[in-house]
Amino acid sequence: PGLVFFIKPAALMPRFASSFISFLSLQTFKNVALKLMPNDGSIASMSWIDVYFSATSFLVGLAVFENVVAQYTAEHYSLRFSMKVDTICQIVFPCSSVVIL
């Protein structure tokens with residue numbers, strides 16, 4: 001989902017599709033992985049896979065949210081501001097991914 005920030009806000013469908021499809025794919029993979037765990041993933045405490053899926057779900061969810069914000073600001077306020085937000089996210093998102101994961 002980090003590559004979505006390099007697609008121009010004017011290309012709504014490729015931006016939204018690339019971020020939202022990765023979010024849906026992650027949720028599907030998470031459900032399959034949890035069902036493969038003992039007791040269908042129902043354990044007394046968090047495992048490393050729970051922490052990993054929580055962190056990646058948070059990051060991908062933020063990418064989807066940023067996509068919506070960038071599109072809204074491009075249509076209603078300024079394309080330049082929207083592209084500035086994308087430029088900031090091109091730097092901040094990979095750094096936060098490294099720190100969180």
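Residue numbers run from 1 in the order of the sequence given.
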- prompt: At what distance, to the nearest 0.5 angstrom, does CZ of Phe93 lie from CG of Leu62?
  reply: 6.5 Å

query: Taking the side chain as C-beta and beyond, is there a heavy-atom pair between Ser96 and Leu59 under 4.5 Å?
result: yes

statement: Tightest non-hydrogen contact, residues Val60 and Ser22, listed as CG1-C, 4.1 Å

- line: ring-ring contact (aromatic ring centres under 6.0 Å, His included) test vs Phe53 passes for just one of Phe29, Phe58, Trp48, namely Phe29

- prompt: Mind checking whether Ile21 and Phe65 sit in one hydrophobic cluster, side chains of I, L, V, M, F, W, Y counted as touching below 4.5 Å?
  reply: no

task: Nearest 0.5 Å please: distance from the NZ atom of Lys30 over to the OG atom of Ser54.
output: 6.5 Å

message: Within the 4.5 Å heavy-atom criterion, are Thr56 and Leu26 side-chain neighbours or not?
response: yes

statement: The reported gap from OG in Ser78 to CE in Met83 (rounded to nearest 0.5 angstrom) is 10.5 Å

message: So Leu34 and Asp50, do their side chains get closer than 4.5 Å, heavy atoms only?
response: yes

field: Stepwise side-chain hydrogen bond (donor to acceptor under 3.5 Å, both in side chains) test for Gln71 and Ser82
entry: CA-CA 7 Å; Gln71 189 61 37; Ser82 177; over 6 Å; no

- prompt: Between Leu24 and Tyr52, is there a shared hydrophobic cluster once you connect ILVMFWY residues whose side-chain heavy atoms come closer than 4.5 Å?
  reply: yes

statement: Smallest heavy-atom separation, Phe23 atom then Ser57 atom, equals CE1-O, 4.3 Å

